[in-house]
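Report on the following structure.
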Amino acid sequence: MTTPDPQPLLHERAELGAARLAARYRGHFSEETVRALIADSYQRLALTATVTTHLNVLAEHLAAERLDALAAARQTPAARPVRVLFVCGHNSGRSQIAAALLSHRADEPITVSSAGTDPDSALEPHLAEILAEVGVDLGRAYPKPLTEEVIGAADFVITLGCGDACPVVPGRRYLDWPTPDPHGASLPELRRIRDAIDAHVSDLLSLIATPTSTTTTDSK
């Protein structure tokens, strides 16, 4: 008895994802654009994936985020929520903590994303634990690559340790939060990193709430 080729199943799942996204964005993006973004998202995630079981699902999620960013970029900033992008090297620690904290702390609608310039294959251990301690749900977060669409639609780009690896797009507000690398950190160290990032998040929320924060300056 021959073993079935898994590739047709992968293609079938990708097609189902493309159909879902095409229906969601009907009138905004063509099916060809949706399929191309799913295929590209799959390829980008596959570069660092050690387990590919759920790669089709993650590719659909990443493609949806990119389509949402493309749609937002067509709107004026006043017509949509403020968009904040957190970027670190591996998108497995600092930027994930920052994104989860901002999503939890924000009273007004804010679109929050995170990405890595060199994404890892998995999140740092204990992230969910140290966030749950302060009532924050990490959700279904996963490391993902920095894409042109997401950075192009961001109003604020916050870097945490990736420095000049993050591309600079004119018209964005850039901030850098010097933060220790959580890789291999103990639980007490992770808590200190979490609290330091939380203090930055509080300052960012004040900045977003200030009318003059809509001006675009490069503070890197």
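Predicted, not measured: the structure shown is a model, and the values here were computed from it.
- No side-chain heavy atom of Leu102 sits under 4.5 Å from any side-chain heavy atom of Phe156.
- Judged as a side chain to side chain contact (heavy atoms under 4.5 Å, CB included), and not counting sequence neighbours, the contacts of Ala46 are Tyr42, Leu55.
- Smallest separation of non-hydrogen atoms from Ala122 and Pro143: C-CG, 3.6 Å.
- Both Leu101 and Leu187 belong to a common hydrophobic cluster when Ile, Leu, Val, Met, Phe, Trp and Tyr are linked at side-chain heavy-atom distances under 4.5 angstrom.
- Residue pairs that meet the salt bridge (charged side-chain N to carboxylate O under 4.0 Å, His left out) test with at least one member in residues 63-89, sequence neighbours left out, are Asp40-Arg66, Arg66-Glu149, Asp68-Arg83, Arg80-Asp155.
- In this view, His200 and Trp177 satisfy the side chain to side chain contact (heavy atoms under 4.5 Å, CB included) rule, not counting sequence neighbours.
- When every heavy atom of Val150 is checked against every heavy atom of Ser113, the shortest pair comes out as CG1-CB, 3.9 Å.
- Side-chain contact between Leu146 and Leu85 is present, with heavy atoms from C-beta onward closer than 4.5 Å.
- With sequence neighbours excluded, the residues satisfying side chain to side chain donor-acceptor pair (under 3.5 Å) with His126 are Glu129.
- In terms of the salt bridge (charged side-chain N to carboxylate O under 4.0 Å, His left out) criterion, residue partners of Arg191 (sequence neighbours excluded) are, by chain and number, Glu133.
- Of the possible polar contacts, one joining the Arg172 side chain to the Ala154 backbone as a donor-acceptor pair under 3.5 Å is found.
- Within the model, atoms OG of Ser103 and CG of Asp137 stand 10.5 Å from one another, a figure rounded to the nearest 0.5 Å.
- Considering all non-hydrogen atoms of both residues, Ala141 and Leu123 come closest at O-CD1, 3.6 Å.
- Counting all heavy atoms, side chain and backbone alike, Leu190 lies closest to Pro125 at CD1-O, 4.0 Å.
- Separation of atoms CD1 (Ile197) and CG (Leu131) is listed at 9.0 Å; rounding is to 0.5 Å.
- By the side chain to side chain donor-acceptor pair (under 3.5 Å) test, Ser186 pairs with Glu189, sequence neighbours left out.
- Shown here are the side chain to side chain contact (heavy atoms under 4.5 Å, CB included) partners of Ala63, two or more places apart in sequence or in another chain: Leu21, Leu37, Ile38, Ser41.
- Checked against salt bridge (charged side-chain N to carboxylate O under 4.0 Å, His left out), Glu148 has the following partners two or more places apart in sequence or in another chain: Arg44.
- Here the rule is side-chain contact (heavy atoms from CB on, under 4.5 Å) with Pro145, and of Thr117, Leu62, Leu47 only Leu62 fits it.
- Residues satisfying the ring-ring contact (aromatic ring centres under 6.0 Å, His included) criterion with Tyr25, sequence neighbours excluded, are Phe29.
- Sequence neighbours left out, the pairs with a member in residues 21-31 that pass salt bridge (charged side-chain N to carboxylate O under 4.0 Å, His left out) are Glu31-Arg35.
- His61 NE2 to Tyr142 OH: the interatomic distance, rounded to the nearest 0.5 Å, is 6.5 Å.
- Atom OG of Ser202 is separated from atom CG of Leu207 by 12.5 Å, given to the nearest 0.5 angstrom.
- Leu160 and Asp176 make their closest contact through N-OD1, 4.3 Å (heavy atoms, listed as atom of the first residue, atom of the second, distance).
- For residues 95-109, the pairs satisfying salt bridge (charged side-chain N to carboxylate O under 4.0 Å, His left out) are Arg105-Asp198, with sequence neighbours left out.
- Without hydrogens or angle criteria, His90 side chain to Pro119 main chain gives no donor-acceptor distance under 3.5 Å.
- The two atoms that bring Pro180 and Ile193 nearest to each other are O-CD1, 3.8 Å, heavy atoms only.
- Distance alone, capped at 3.5 Å, is enough to place a donor-acceptor pair between the Lys144 side chain and the Ser114 backbone.
- Checked against side chain to side chain contact (heavy atoms under 4.5 Å, CB included), His183 has the following partners two or more places apart in sequence or in another chain: Glu124, Asp181.
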inquiry  = Under the criterion side-chain contact (heavy atoms from CB on, under 4.5 Å), I'd like the reasoning laid out for Ile97 against Ile130: C-alpha separation, chi angles, the key distance, then a yes or no.
reply    = CA-CA 9 Å; Ile97 294 172; Ile130 58 108; 4.3 Å; yes
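- Between the OG1 atom of Thr33 and the CG atom of Leu67 there is a distance of 8.0 Å, given to the nearest 0.5 Å.
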